[in-house]
Amino acid sequence: MLHLVLCFSVWTLIFTFLCWRSLTIIKQAVSYLKRLHQIPCDKCVYFTRDYRLKCTVNPSIAMSESAIGCRDFLYDNQRSICNGCKNQCIDIRKIPKYSLFKRKSTHLK
Ligand code: SF4
């Protein structure tokens, strides 16, 4: 009978420890994701959406945690939030001529 009680208490301790550890990991993941969502680069006018040069002002910190609170952030109101999918979308028709995304051809004549 003593063996049964001892086995039950050991498994209870192991199960409690695993639950506590899982909750801790989930809390850390959620706080890390919240921090990553504070990166403002996808809403910035200087963000190019090109992996070779992500930002024309601060390319070394673009899309990283260092970009949180970037002093050069300038909100790009041409990129609107889609109501249907709640994702960041770019409507090509709304991009003005002076935007980086629609460059004029510069051929020398
Ligand atoms: S200027 Fe700052 S916020 Fe804007 S894209 Fe570059 S690093 Fe990101």
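Each ligand, and each atom within it, is numbered from 1 in the order the structure gives.
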* Within-4.5 Å side-chain heavy-atom neighbours: Y46 and L74 -> yes

* Which protein atoms of type N, O or S are found under 2.8 Å from atom 8 (Fe) of ligand 1? -> C41 SG

In residues 24-31, what donor-acceptor pairs under 3.5 Å come from side-chain atoms, sequence neighbours left out?
from	atom 1	to	atom 2	distance (Å)
T24	OG1	W20	O	2.9
S31	OG	K27	O	3.4
S31	OG	Q28	O	2.9

Can you give each donor-acceptor pair under 3.5 Å made by side-chain atoms of residues 3-17, sequence neighbours left out, with the distance rounded to 0.1 Å?
from	atom 1	to	atom 2	distance (Å)
S9	OG	V5	O	3.1
S9	OG	L6	O	2.8
T12	OG1	F8	O	2.7
T16	OG1	T12	O	2.7

* Atom SG in C41, atom CZ in R49: separation rounded to 0.5 Å? -> 11.0 Å

For residues 60-73, dump all side-chain donor-acceptor pairs below 3.5 Å to protein atoms at least two apart in sequence or in another chain.
from	atom 1	to	atom 2	distance (Å)
S64	OG	I61	O	2.6
S64	OG	S66	N	3.4
E65	OE1	R35	NE	2.9
D72	OD2	N58	ND2	2.9

* To do: Measure the OH-NZ distance between Y32 and K34 for me, rounded to the nearest 0.5 Å.
  => 15.5 Å

